[in-house]
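The structure appears right after this line, and notes come after that.
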Amino acid sequence: MKYLIYFSFSFFLLACSANKAVTKAPEQTTPSTLPAINTEPEKIEETKLIKESSEAETPAINTPQETVSQTDIIEEITKKEIVATHTLWNDLLQKHVSGAGQVNYKAFKTDKAKLLSYIQVLNLIYTDASFTSLSREETLAFWINAYNALTVDLILKNYPVKSIKDIDKPWDQRFWKLGDKWFNLSDIEHEILRKMDEPRIHFAIVCASVSCPKLQNTAFTASNLETQLTNATKEFLSDSERNELSENSIKISKIFQWFSKDFKQDGDIIDFLNQYSNLDISAKAKKSYKDYNWNLNE
């Protein structure tokens with residue numbers, strides 16, 4: 001299955017970067033969407049597309065004098081496998097984000113074409129008929145990864161920049177089209193993710209700032225989502241730069257103030273903190289909020 005995903009993505013990037021017939025690929029300088037891929041002058045190397053339901057190999061696809069349809073390619077890939085792995089995004093995170101969540105935006109910018117390729121993959125998944133039948137875990141993983149990828153894209157569009165707040169209306173700009181709809185970050189956070197009644201998403205999505213939860217350097221996946229959300233929450237709460245917790249006093253992130261109702265589904269904020277911290281915080285603990293550092297997380 002691992003080889004299926006990598007072969008499928010390789011073929012997808014190859015097909016999407018070709019303009020028409022691939023008798024000879026034109027040279028490109030700065031691609032506006034996907035990276036240019038050089039091919040042999042006479043034909044594309046035969047690629048095996050293997051369906052999970054069969055071990056039989058499909059015929060090699062040659063593309064003389066015609067454009068390879070994105071629909072033809074995506075039909076050969078199980079949509080849920082793409083959503084579950086988000087391989088391309090994971091590779092970018094591993095390459096440009098440290099274990100502490102610091103992002104090397106300067107280096108990330110050199111891989112902008114790959115980021116745009118991933119955003120195109122998100123579009124293909126979103127527009128496929130199977131998208132509405134994804135599980136809750138698959139849907140959460142999709143939108144968490146989408147939010148973080150689009151946030152990075154927003155920073156790269158404006159880099160160098162000292163803070164996301166130096167960008168004009170950063171959460172309201174509709175830069176990204178999925179299907180027929182132009183999305184902004186606010187739509188994804190408030191109209192989609194928050195309505196899924198999972199408060200831990202606040203420690204998975206990031207605002208590219210120092211006081212935000214760190215950008216995880218692995219993509220979220222449906223199969224590991226519960227563990228990833230729990231770990232991200234515990235890690236955020238145990239970070240004294242972002243939260244100071246004790247039995248009788250807490251000085252916590254303003255995330256808990258801005259989105260307080262999200263953390264009161266099964267009690268109050270103290271109950272939530274006790275669920276994911278190593279302390280037994282008193283219900284009468286004195287509460288205050290830390291200043292928020294909006295400097296870029298690099």
Side-chain angles (χ1 to χ4, degrees), residues 1-18 31 33-37 44-45 47-53 58 61 68 70-99 101 103-105 107-128 130-131 133-153 156 176 178 188 204-206 214-229 231-232:
M1 188 59 60
K2 176 181 178 182
Y3 296 106
L4 163 63
I5 296 169
Y6 277 101
F7 284 168
S8 300
F9 271 113
S10 297
F11 191 87
F12 164 71
L13 293 176
L14 180 64
C16 290
S17 63
T33 55
L34 302 183
I37 300 176
I44 296 176
E45 181 181 358
T47 305
K48 296 178 181 179
L49 298 177
I50 305 173
K51 290 186 177 181
E52 182 178 0
S53 60
T58 60
I61 298 177
V68 178
Q70 291 181 356
T71 302
D72 292 340
I73 301 303
I74 204 65
E75 284 178 353
E76 297 297 333
I77 306 172
T78 303
K79 309 303 183 303
K80 293 185 179 182
E81 289 175 349
I82 299 176
V83 175
T85 58
H86 294 274
T87 305
L88 185 54
W89 176 233
N90 189 79
D91 291 345
L92 289 168
L93 291 171
Q94 289 281 292
K95 186 176 180 180
H96 301 299
V97 182
S98 72
V103 185
N104 187 341
Y105 289 105
F108 217 130
K109 200 164 186 176
T110 65
D111 272 337
K112 180 68 180 290
K114 291 182 181 179
L115 177 60
L116 294 177
S117 295
Y118 175 66
I119 294 172
Q120 177 65 3
V121 170
L122 294 176
N123 178 56
L124 291 171
I125 298 170
Y126 178 79
T127 55
D128 189 81
S130 66
F131 184 78
S133 63
L134 296 181
S135 69
R136 182 176 184 272
E137 290 75 19
E138 288 166 331
T139 303
L140 276 167
F142 176 90
W143 287 114
I144 290 170
N145 289 328
Y147 186 96
N148 290 339
L150 300 185
T151 298
V152 170
D153 187 47
L156 296 183
W176 307 280
L178 301 182
I188 297 174
I205 59 175
V206 301
K214 77 174 192 180
L215 177 60
Q216 301 291 328
N217 65 352
T218 55
F220 285 84
T221 63
S223 59
N224 294 320
L225 186 65
E226 177 63 27
T227 297
Q228 289 176 306
L229 289 176
N231 289 345

Quick one: does [X]'s side chain have a donor or acceptor within less than 3.5 Å of a partner on [Y]'s backbone?
X	Y	value
Glu137	Glu226	no
Lys214	Ser98	no
Asp111	Lys114	no

Considering the options Leu92, Val206, Leu115, which one meets the side-chain contact (heavy atoms from CB on, under 4.5 Å) requirement together with Val152? Leu115
Taking the side chain as every heavy atom from C-beta outward, state whether [X] and [Y] have any atom pair closer than 4.5 Å.
X	Y	value
Tyr105	His96	no
Phe220	Leu229	yes
Asn145	Tyr118	yes
Asn148	Gln216	no
His86	Leu122	yes
Leu116	Asp153	yes

Hey, what do you get for [atom1] ([X]) to [atom2] ([Y]), rounding to the nearest 0.5 Å?
X	Y	atom1	atom2	value
Leu156	Lys112	CG	NZ	5.5 Å
Ile188	Trp176	CD1	CH2	7.5 Å
Gln120	Leu124	CD	CG	4.5 Å
Ile125	Asn123	CD1	CG	9.5 Å

Heavy-atom pair of closest approach, residues [X] and [Y]:
X	Y	result
Ala222	Ala141	N-CB, 3.9 Å
Ala204	Ile144	CB-CG2, 3.9 Å
Thr218	Leu93	C-CD1, 3.6 Å
Ser130	Asp128	OG-OD2, 2.7 Å

With sequence neighbours left out, the residues meeting ring-ring contact (aromatic ring centres under 6.0 Å, His included) with Tyr147 are none
Checking Asn224 now: which residues fulfil side-chain hydrogen bond (donor to acceptor under 3.5 Å, both in side chains) with it, not counting sequence neighbours? Thr221
For the residue pair Tyr126 and Trp143, categorise the inter-ring angle as parallel (less than 30°), tilted (30 to 60°) or perpendicular (more than 60°). perpendicular
Those residues at least two apart in sequence (or on a different chain) that pass salt bridge (Lys or Arg N to Asp or Glu O under 4.0 Å) with Lys109 are none
